[in-house]
Amino acid sequence: MRFNTAQTNVIAGNALSIASVTVPLPAFGVCLGWSATGRSGSYSGGTIATDATVPATAGQVFLGRNQAGLCAAGRYDSLTIWPFRASNAAIQAKAGAYS
């Protein structure tokens with residue numbers, strides 16, 4: 001999960017645009033799921049965005065920064081990883097701000 005360079009879209013991976021945003025952001029939630037058929041994501045319970053791109057591997061995952069050390073402003077209240085692919089309805093329902 002990341003911003004595009006202009007910080008106007010929340011992006012999953014290299015290309016899946018989850019939502020258009022304006023910074024600074026309010027409290028929000030993002031949920032992303034993938035399987036062998038593609039991936040789906042939602043920003044703050046909004047419309048599900050999908051594509052058929054399947055990540056070959058998770059590679060290196062950095063929470064709040066990239067491998068060059070550039071940091072994202074903000075904090076994480078919750079990070080949950082499930083060992084299964086949730087339905088699109090469940091992804092949308094779980095994409096709320098943590099409270």
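Hydrogens, waters and symmetry mates are skipped; everything else that's a heavy atom, side chains included, is used.
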Handout entry: Shortest non-hydrogen contact from S40 toward N88
Key =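 Nearest pair, atom of S40 first, then N88: OG-OD1, 2.8 Å.
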
Practice task
Could you pull out the closest heavy-atom pair between K94 and C31, with the gap in Å?
Solution key: CB-SG, 4.0 Å

Problem - Beyond-backbone contact of F3 with V10, side-chain heavy atoms, under 4.5 angstrom - result: yes

Practice task
Report the residues that fulfil side-chain contact (heavy atoms from CB on, under 4.5 Å) with T80, sequence neighbours left out, ordered by chain and then residue number.
Solution key: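 Only S78, W82 meet the side-chain contact (heavy atoms from CB on, under 4.5 Å) criterion with T80.
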
Handout entry: Minimum heavy-atom distance A95-S42, with the two atoms named
Key = CB-O, 3.4 Å

Practice task
Verify, without hydrogens or angle tests, whether Q92 (side chain) and G45 (backbone) share a donor-acceptor contact under 3.5 angstrom.
Solution key: yes

Practice task
Decide whether R85 and T37 meet the rule of one side-chain donor and one side-chain acceptor closer than 3.5 Å.
Solution key: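 Side-chain D/A pair, R85 to T37: absent.
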
Exercise for the section: May I have all residue pairs that pass ring-ring contact (aromatic ring centres under 6.0 Å, His included) and include part of residues 8-32, sequence neighbours excluded? Expected result: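 Pairs touching residues 8-32 that pass the test: F28-Y43.
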
Handout entry: Side-chain donor/acceptor of N4 to backbone N/O of N9, under 3.5 Å
Key =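 Checking the backbone N and O of N9 against the side chain of N4, a donor-acceptor pair under 3.5 Å is found.
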
Problem - V30 reachable from V21 in the ILVMFWY side-chain graph, under 4.5 Å edges - result: yes

Handout entry: Listed partners of A12 passing side-chain contact (heavy atoms from CB on, under 4.5 Å), at least two apart
Key = M1, L16, I18, L32, R39

